[in-house]
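Working notes, beginning with the structure itself.
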Amino acid sequence: MTSTEAGRRFQVLADAQAVATEAAEHLIARIAESRIQPAICLTGGSGPKALYALLGSPDYRSRIAWDRVHWFIGDERFVSAGDPRNNMAMARAIFLDRCAPPENIHPVPTDAPDPDTAARLYERELQTFYGALRLDATKPLFDLVLMGLGPDGHTASLFPGDKALSETERWAVGVDHAHVEPFVPRVTLTLPALASSREMLFLVSGEAKRDILSKIMADADLPGARAQSNGITTWLTDAAAAGRTA
């Protein structure tokens, strides 16, 4: 079932595995459409694990031009690269280290002195890849941005009421206090950087997300509702989260 509400396209699928499969097809299509080096912005947490496992499986791995694709992360917990809470480390362990050239993997430098320094270093790396210091509306930074949705409506590490939501110039900022576990500082891309994408793809599964998803669909003033691509914004949800039949 597919619908469009408040400028967002919602697609309801049977279950979490179907969400992962559909997300993999979106990602592969975006890579195939790009004539240059595609840039994919990954998401952390437990939500994308099934998708990442698919990407590393033989059937999907063979469909991706790994030498062309560059992999970034939408937000990172300010912990060491070896910490199990590190988002990029999770993606690397599941599929990236087996599939992608190491020079094409772009983690947040969490060995920096503090989150804001790490954010400025990551912003500089994004600008170098992009080839400019300012975002151009006609030239997306990312081909695809993957996003999750927290129980409080946060996405990436953009939490309700935080000053990071009002940032219009920076591409990445430090977040001193997380509103959910793990309660560690973060680095997050900002709304303008995430919006600079051909497609933003939200992955939402499980009955526990039903209430917050209904608020997003009603266009509540929450980070998950404010995050939209300058291109296409697609929400892939399972029937449990949507409270509908797929």
Check: Glu199/Thr234 side-chain N/O donor and acceptor closer than 3.5 Å: yes
Any side-chain donor near an acceptor of the partner, His154 and His179, under 3.5 Å: no
Residues Trp171, Tyr122; criterion ring-ring contact (aromatic ring centres under 6.0 Å, His included); working and verdict: CA-CA 9 Å; Trp171 297 16; Tyr122 204 51; over 10 Å; no
Heavy-atom side-chain proximity of Phe183 to His177 below 4.5 angstrom: no
Residue that, paired with Cys41, satisfies side-chain contact (heavy atoms from CB on, under 4.5 Å) out of Asp143, Leu141, Leu189: Leu189
Same cluster (ILVMFWY, side-chain, under 4.5 Å), Leu96 and Val79: no
Phe72 and His106 aromatic ring geometry - parallel, tilted or perpendicular at 30°/60° bounds: parallel
Electrostatic pair Asp83:Arg77 at N-O distance under 4.0 angstrom: no
Set of side chain to side chain donor-acceptor pair (under 3.5 Å) partners for Arg170, sequence neighbours left out: Asp116
Within one Ile-Leu-Val-Met-Phe-Trp-Tyr cluster: Val173 and Val187, side-chain cutoff 4.5 Å: no
Partner residues of Leu121 under the side chain to side chain contact (heavy atoms under 4.5 Å, CB included) criterion, sequence neighbours left out: Pro109, Ala112, Thr117, Arg124
Intermediate values then yes/no, side-chain contact (heavy atoms from CB on, under 4.5 Å), Asp152 and Ile212: CA-CA 7 Å; Asp152 60 349; Ile212 195 64; 5.9 Å; no
Pair Asp75-Thr188, side-chain donor/acceptor within less than 3.5 Å: no
Asp136-Thr138 side chain donor-acceptor pair, cut-off 3.5 Å: yes
Heavy-atom check, side chain of Leu126 versus side chain of Phe142, under 4.5 Å: yes
